Structures are given as structure tokens and as C-alpha cells.
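Lettering follows sequence order; numbering is per chain, from 1. Note that the structure is a prediction, hence the values are computed from the model and not measured.
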Amino acid sequence: MARRWPPRERDATPGSAMADALERFLSIDPDTLPKHFDAPAAEARWGAEWERAGVYRWDASRPRSETFVVDTPPPTVSGSLHVGHILSYTHTDVLVRHQRMRGKSIFYPMGWDDNGLPTERRVQNHFHVRCDPRLPFDPALAIEPATGKQDKEPPRQVSRANFIELCHRVTAEDEKAFEQLWRRIGLSVDWTQVYATIDDRCRHIAQLSFLDLWRKQHVYNADAPTMWDIDFQTAVAQAEMEDRPKPGAFHRIEFGVEGSAEGFVIATTRPELLAACVGVTAHPDDARYKHLFGRTAVTPLFRAPVPIFASELVDREKGTGILMVCTFGDATDVRWWREERLALRQLVGRDGRFAPVEFGSEAFPSRDAAAANAAYAELSRKSVNQARTRVVELLRDPAASANGRGAPLVAEPEPIEHSVKFYEKGDRPLELVSTRQWFVRLLDKKQALVDKGAQISWHPESMGIRYRDWTQNLQLDWCISRQRFFGVPIPVWYPLDASGQPDYARPLVAEEAQLPVDPMTAAPRGYEESQRDQPGGFTPDADVFDTWFTSSLTPQIGSHWGLDAERHSKLYPADLRPQSHEIIRTWAFYTIAKSLLHENDVPWRHVAISGWVLDPDRKKMSKSKGNVVTPLPLLDRYTADGARYWSASARLGSDTAADEQVFKVGKRLVTKLFNAGKFVLAQTAEVHPISHELDRAFVFALKDLVARATEAFDRFNHAQALADTETFFWSAFTDTYLEIAKLRARGEIGGSEAERGSAVASLRLALDVLLRLFAPFLPYISEEIWSWAFAQERGQPTIHRAPWPGEADFRAVAAPRVAGAFERASECWRAINKAKADGAVSMGREVASLAIVANAKTLAELAPVLADVLGAGRCRAHTLRERSSLADGAFLIEDAVFAERETRPEGDVDSEV
RNA sequence: AGGCACGUAGCUCAGUGGUAGAGCACCACCUUGACACGGUGGGGGUCGGCGGUUCAAUCCCGCCCGUGCCUACCA
């Protein structure tokens, strides 16, 4: 019996389409939909709708066990947007959307990391200014962005407060750009939970953290050699240092030995530090130098007497096997300086220049002060590089010799390449400078830190090893003070004694009730503002915290630690920390450290590490290489879902090429879903259960897909879930099942209402389930199709709060008689298609007759679904041939005779309308 | 120098102790009643190399080569 198709008598709006009667499946009129999916319109519409309906709002009333908490990485807003952002943030969003559909209340905040040097640097360039903290605040100061013309002029000096104001100005703009991108790619962030690392609450919590660490005696301040960036003029932590290979040269320099005419030759790459030499050392077993231990060496040029001692740390093979110890050339110098209680001769100042000093004094002894001062006059105020050049020239003069045996430079410098420590954001090598800094004691907690790391699930697991290795190799306590401006102030003052000298041993730490506090403008409890910098009064600590000191508290910032105990108990520890692998040693490490020190807990249960985005030449994208791909044009070209498809195709931890082909595949998938959805929802029939054999076999295969995808998500393998779902959708569903079932749905094969109803019910179930499987990956197209019928039918307006597919979806469908019947149908269908391709006829061509060849077992398994396959293949007559030589599941088509030309079945649907 | 990861079709990547997979690209065909932003079919690989374990190794083990990252080396 012919049926009206498509049904046209209904309301023209798909969303409000109604069933004819209760016993018919709700269907839509596809003609009311655009020919092609209008992605930009859908992105705008659904973005607004999700926001309006609060789909992603955290439900604070649900218990912790039903809540999934994300410790979102706050992006550095001063950086530029690139596709890497899409990759890692989409990974998180996919996992989150899956958890939401599993029924969890999601806490998914967004933070902006605006605090710190990147922002300061951007402000310096953008406005062509520098901060001079000595200047007073100028409330009327109006500064416009630099035009480029000013580049040659010296930068304008502004006060600390004015500088901070400018920092807020640029970050506010940057945050808008990020939020736009996040919304466009459909991050299901709860936009009511937003913070900035410089805002009042973050400053409050960071300062609270300091107070807690102070109470627990985990922090201390010390005047100690610290890695120092001479351009930014700030201390730097171990985690922010990186090695860079640089050309250098070994300089062989002869020293004298006091009370003797002999000498020895040290090798150094830092000859300019000769004036800062405080000792000489060699390996205790080195026969060449054994006789020198305990005696006094005399440096050339400066004639300084320094002790010669033995140390196991010396490598006999390196250089000449004997070396000078300076304050300070490297970390080993610091160790020798401490262990041997050597003198401190700090010459390189905070600006990287040699400080003026007087030789012949107690601090700078010399056996020939006049010669030493004459030589040092050549170096004073020079930069490290300038001093190196000059000192080498001076050492070529035989008069500089400490023992009268000729020029101290005994050989031409030998060029080498060695690695030199840099601040990761810096341009000149770090110097070790003795300054007063605050530290968090971590070295004595290595084992506890390693143990906490082992309690966390790392995805992929190998990233946990990286954390462990870093932690075990930790060399220094965490230096948390920075001599910068745009950061969280250290909430400390120092009392001044009667002579105006600060007492660093008894800092005045702020009280909790004062937080957040800026000691530069507020006075400590018990003091008046008038006592600032007065003898007997107080002086503020002018420093700010390392940005990681705040960033390491993101789980606590989300949970309002210290401010709201109930909320904290619901949100801490978090479930998921997504991040990239290069900041395991910083962000992950410090966050675990804070969690250990504050609560003796882990900060989160899972860490998901995303890889990097590589350019087509497999190089990491970075601004300096100029190979950054900006995300917005990609979103325009391939849609947000298409870009998400690319992201989600990459497994956690593996680096990914920004391959436009993959974006294209994603867009194609979106289009296919649109078309398949439109088609399936246009089918209608009387409502009948899924009873037909092929339908049950197909649903059985679908159920298996759901199990596999769910299991993949449980293993944090979203890429596997996507690949499985996509393969099933494309191959099992659209290419096979839909092609076969549509004829029965239209009544062209089979014929009973029950058979039609079973086909329509199966198509709809498949679409319903597949949409939900795709929803975490492709939120826009899945929501779009969901809205056409399922939203109403299931009483769930958004697919993103619909339940993840599972048992309940399949309970009503009985298992097929033959478990692999759907696979048999697919294989046979493929064989018939191949026969048509071989015969160069269209897939729609009727087949007058053919023989299906397979082994007996396979033919038996095909039997229950054979009629559907033959119908869909438009085969009029067939014979079955048993051939035992064929493998199970293999089909051959023989003796195919095609009809002369394609004919349409009678009762063409449109002809009746 | 150590650690970790990777090496599979031209490209991007899955995968498994039992006859090698997908998508893209390529070639041929189909001329479209969901979809040409489509469909069908095809060609194409000693699974980096050499050994070992095994009835059987792309997979497990060892060594080597190559690539990337992390860490160390800084006298």
C-alpha cells in the first residue's frame, strides 16, 4: 500500500512537528529544513540557547559523589590564540560533556591567567612604558597605545599603580578574545564560575596560602644565591629555567701557589669571574694536584689568596682537572661556597654589571692591591660580556702573572659549545646573585611529593613518570618571591629597628582578616601608616609572588578554600586536571605541592595531558617560529564541530599535526549527520516494536558499539570512542543498515505495517543513540538534530543533558536469533554492490538473477536477513550455492544478470500526491 | 649522558601473539528519491633494522638506527 511521503499535511516548523496520531512515529517535513546545514547560524543559536537555559550551570545542591569537578587551566591571556588552544580545551570539554551525560553535576569553571610577566611585557611594548616603583601614582595619567613612532624614544616611566592599571586594561581585552573563542568552539563551561588570577579572590586565597605555609613553617626568607634574570631584575625558580646551547670557550689560566714559584693551570668558561674567585679545588685522588690541598693559591691579575681544597665533585677529565670556585659561576660553586665556608665576593650586581669594589680590603684581599685595583678599574661597571673580553686581554700580559712565569693565559681560548641556563622568558643568561628571597621548603618533602603523584591517575600513564623524575631530581627549594609589579603582593612587612634597619628574621605577616592586602599601601596590625619606613616603624616587602604561587591554587580557587568551607568540601579535591606536558614540572608539580602542604591530600584524581599541535613540518607551533595557525579561519571553513572533530581525533599525550584534511573529514561527518538525521526523522509508520530479524541484528551491533564507546571513555580514550562511533555511523548505519531498512520503511520490501514500524523504530533508535554518542564531540549538529524531534519526544530539551546511551535504550529489543546476522547481511550487501561495480551498473539497477555463494554455515546465518538484503539490492531472482572452500563470512556473487535498465517500483510515492 | 614516547600505505593515524586496517590522496565506475558537501569498487605496505622467545612475532624480549620531548651536563 502506498503511503504519502514525505508527509506534508503538518506544521511547516520542524521543531513543532506533530504526530498524526498517537500511534504514528513523530516525524518532520524535511522540506522545511535548509538544503545544507547552516553551521554559523546553528553555532550562534545554540550558544545563546545554552546560555539562556543554563544548560552548563553547576548544581551546588548535588552531593560530591554526583559531581564532576574540573580544574580548568586558566589560559595566559597575554598569549595569542592558536589552534593548540582548540586541541587541549576540546579534549577537556569532550570528557566533561560525556560525564554530564553520565548524570554528573559538572563544575567546569574558567580562569584567566593575567598575573605575571607575560602581561607586564605586553604592557611595556603595547604602551611603550616601564614601571618605576619610586614614582607616585598619577590618577590623571592617560596613556594611549604606542604607535611605533615612539620606538626610538626612551620608554615612559610610570608609577607602580599606573602600571598595574595598564595591565588590567590589556588583560580585559585579551580575556574577551579568549571567551569568544571558547564559546564558539562550544566549551560547556559554566560562565558564572569565572576568575582571574589577579582578582580579589585569587589574591586573597594566594595570601591565605602563604599565611598557612608560614604557620606550618613551610616558608622562610633567606639572603642566598638565587638564579637572577638581569633584564627583568627578578629571581627565578628552578622550574622556570631552561638550558640553551651557546658557544663558549675554555680559558686556561695559570694561578700561583703562595710561598712557592710553582703554579697550576685552571680551565674556565667564565674568566670574567676571576676577581670573584674564592677558592680552588681538584679531585682528592688526583695525583697531579694532591700536594696542593691545604695550601693557598694566588689568582693572577688580582693577586687574591684563596684556599685550595679537595672535592669529590670535581671531574678529573674536564678541563685541566683543577678549577676555580667563584661567587657565583654555577650551582656547584654555591655548594662549595657553603660547604667550605668560603668568602662571599659578589661582583655581578642585579643589573648584570660588575659592582665597584676596593681590593686590599677585608672583603677583597690582595697581595698587590694597587695592581688589583688597576685591573679591576677596567672591569668595574662593565657587563659580563664586556668584562670577559677585557679580562682576557689583561691576562695576556706577563705582568699579570701571580708567579712571574709569563702571561697567565697560557693558551688561546678553546671554543666549545655548552649549555647555559636561561630564564625561559629571558634573553640573557641567568646569573647567581645573592639576594633576599622567600622560599617554600620542598627539598625535604620529595618522597611525600612523589607518593602523592603516584596516587593520581595520569593519562597517559607515562606522564606520571615525568612528574616523578622531575620531583626526585629537585635541587632547590621553591623561590616564590619576584621583584615585579603585576602580581599578588607578599603579605609581609618587616619591623625597623631604632637605626632603621629591617629585621628580616621577624617578619610581620598579615592577619587573615586583612586579606587581600597590599603592604605597599596598608600598614601591619599594631602600626600606624605614619610609621612607614621610619626607625622603629615598619617597611613593606615590595615583592610579589611567583605567578605559579597563585596558579598552583586553581583547585582551591574554584572551591573557595578558606572562604567557604561547605563549597570547598563539595569541590575539592577535583576530579580532572587537564594540562599540557611541558608544565608538569611547574603547574602540576606546584599544585600537588600546595595540596600536600595545605591539606595532605591530592589536588585531583586524574590528570589528562594533551599533546602539542605541530605544523605540517612536525615542528611545534610557536610565535617566534612564525608558524602559528590562528583558529578562527579554521572554524569558519570547517565549522566548530569540524574543528572539534580534529581535536578529538587526537589521543591524550600525543602531539598532533594541524592537518586540514582532518578538519575536512570532520565537516563531512557533520554534513552526513545532518542528511541522515533529516532522512530518518522524515520516516513515519504506525508505532510497532523492533521485531524484525535484521533490525534486531542491527540493534544488537549498535548495543555493542555503545559498550565499546563507553568503555573507551572510562579509559579516557575519547579518540577511540569517536573513531568507533564514526566508523559504525558511516559504515554500519548509513552505508548499510539505512540503505537496506529504508526500502522496508517505505513499504517497498516486506509489506506488513509491523515490518514497516520495526524499520522506522530501529532507524530512530539508531539515530537517537548515535546522536548521543556524538554529542560530546559534535555538540552543535547533535543538538540541532535532537531538537527536530527527540527533544519533544523525550521531554529533554537539550541533548547535552540527555542520558548517555546504555542498557535502558535496548531493554525492549530482543536479541536476534543469529548474533552475527547483521554482519552477514553487510557482507552479502557488499558482495552484491561489488558485482554491480564490476558490471559498471549503478547501485540502483535491478538484478534479474544472481547466485549467492558461501559456505553452509554462512548461508545459514544469512537466512533470517536474506530477504532484506535481496530487496535492498533489487534482486528479482536468486539461487544459493554452497561452497565449503569459502571462509566463514565470505560471499561471492556469480552469474549476475542485470535488468536492462533501472525501473522504479510501482506505487512511486510522489505520483500519488 | 639518562628517562619517556614514537617509527605501520604517498599523507594523517588506528590496531592485534594467528592471512595487515581506516580516512585523505590516487585510479575506474555510478548520474543522484537523505546526502555529488554523495555512492560503489580498485591499486598501493618485508608494520625502521638485526637477533631472541614461540608451532606462529608488526605485536613479547634484547640490541641497534632514526625522530621528538623531559631531565642532566655549564668548572
Nearest whole angstrom, please: distance from the [atom2] of [N] to the [atom1] of [X].
X      : N     : atom1 : atom2 : value
A/L681 : B/C35 : CG    : C1'   : 15 Å
A/R845 : B/U32 : CZ    : C1'   : 15 Å
A/E317 : B/C73 : CD    : C1'   : 15 Å
A/F250 : B/C74 : CZ    : C1'   : 9 Å
A/I609 : B/C70 : CD1   : P     : 13 Å
A/L669 : B/C35 : CG    : P     : 18 Å
A/K421 : B/U71 : NZ    : P     : 9 Å
A/I785 : B/A34 : CD1   : P     : 16 Å

Audit row: A/E582, A/W612, side-chain hydrogen bond (donor to acceptor under 3.5 Å, both in side chains) steps and yes/no: CA-CA 9 Å; A/E582 85 273 22; A/W612 280 335; 3.1 Å; yes
Side-chain heavy-atom pair A/F250, A/P413 within 4.5 angstrom cut-off: no
A/F777 side chain reached by A/H718 side chain, heavy atoms, under 4.5 Å: yes
Base versus backbone protein contacts along nucleotides 36-41 of chain B [heavy-atom cut-off under 4.0 Å; B, S, -]: SBSSSS
Chi angles and distances behind the salt bridge (Lys or Arg N to Asp or Glu O under 4.0 Å) call for A/E748, A/K742: CA-CA 9 Å; A/E748 292 176 25; A/K742 72 180 175 186; over 6 Å; no
By the 4.0 Å heavy-atom rule, please label [X] as base, sugar-phosphate, or nothing.
X      : answer
A/L738 : base
A/V314 : base
A/V665 : sugar-phosphate
A/A723 : nothing
A/K742 : base

When the [atom1] atoms of [M] and [N] are compared, how many Å lie between them, rounded to an integer?
N     : M     : atom1 : result
B/G33 : B/A9  : P     : 39 Å
B/U16 : B/G51 : P     : 27 Å
B/U31 : B/G68 : C1'   : 48 Å
B/C65 : B/U46 : P     : 24 Å
B/U54 : B/C60 : C1'   : 10 Å
B/A14 : B/U71 : P     : 25 Å
B/A34 : B/G43 : P     : 30 Å
B/G42 : B/U53 : C1'   : 40 Å

Ion pair check, A/D286 and A/R316, cut-off under 4.0 Å: no
Ion pair A/E784/A/K678, N-O distance below 4.0 Å: no
Candidate nucleotides B/G33, B/C70, B/C74, ranked by approach to the side chain of A/D243 - the nearest: B/C74
Which nucleotide in B/A34, B/C73, B/A14 has an atom nearest any side-chain atom of A/Q720: B/A14
N/O donor-acceptor pair, side chain A/S419 with base B/C74, under 3.5 angstrom: no
Ignoring backbone atoms, establish whether [X] has a side-chain N or O less than 4.0 Å from OP1 or OP2 of [N].
X      : N     : value
A/Q661 : B/C13 : no
A/R585 : B/U71 : yes
A/K318 : B/C74 : yes

Contact nearer the 5' end of RNA chain B, comparing A/T268 with A/V662: A/V662
First encountered from the 5' end of RNA chain B, between A/Q475 and A/T281: A/Q475
All N/O donor-acceptor pairs, side-chain side in residues 239-248 of chain A, below 3.5 Å, sequence neighbours left out:
{"from": "A/E240", "atom 1": "OE1", "to": "A/A237", "atom 2": "N", "distance (Å)": "3.0"}
{"from": "A/E240", "atom 1": "OE1", "to": "A/R482", "atom 2": "NH2", "distance (Å)": "2.4"}
{"from": "A/E242", "atom 1": "OE2", "to": "A/R244", "atom 2": "NE", "distance (Å)": "3.0"}
{"from": "A/E242", "atom 1": "OE2", "to": "A/R244", "atom 2": "NH2", "distance (Å)": "3.2"}
{"from": "A/D243", "atom 1": "OD1", "to": "A/K421", "atom 2": "NZ", "distance (Å)": "3.0"}
{"from": "A/R244", "atom 1": "NH1", "to": "A/G426", "atom 2": "O", "distance (Å)": "3.1"}
{"from": "A/R244", "atom 1": "NH2", "to": "A/Y423", "atom 2": "O", "distance (Å)": "3.3"}
{"from": "A/R244", "atom 1": "NH2", "to": "A/G426", "atom 2": "O", "distance (Å)": "3.0"}

Backbone of A/D29 reached by a side-chain donor or acceptor of A/T32 within 3.5 Å: yes
Main-chain N/O of A/L635 paired to A/T639 side chain as donor or acceptor, under 3.5 Å: no
A/H251 and A/T268 side chains, donor-acceptor separation under 3.5 Å: no
Strand RNA chain B in bracket notation, Watson-Crick/G-U under 3.5 Å with | for pairs to another chain: (((((((..((((....[..)))).(((((.......))))).....(((((..]....))))))))))))....
A/K672 charged N/C atom sitting above A/W730 aromatic ring, 6.0 Å / 45°: yes
Full working for side chain to side chain contact (heavy atoms under 4.5 Å, CB included) between A/D333 and A/T327: CA-CA 7 Å; A/D333 280 347; A/T327 50; over 6 Å; no
Contacts of type side-chain contact (heavy atoms from CB on, under 4.5 Å), residue A/T320, not counting sequence neighbours: A/R252, A/V265, A/A267, A/Y289, A/I322
Residue list, side-chain contact (heavy atoms from CB on, under 4.5 Å) with A/S311, at least two apart or on another chain: A/T281, A/F309, A/L313, A/V314, A/W336
Would you tabulate the nitrogen or oxygen pairs shorter than 3.5 Å linking the protein to nucleotides 1-9 of chain B?
{"from": "B/G3", "atom 1": "O2'", "to": "A/D469", "atom 2": "OD2", "distance (Å)": "3.0"}

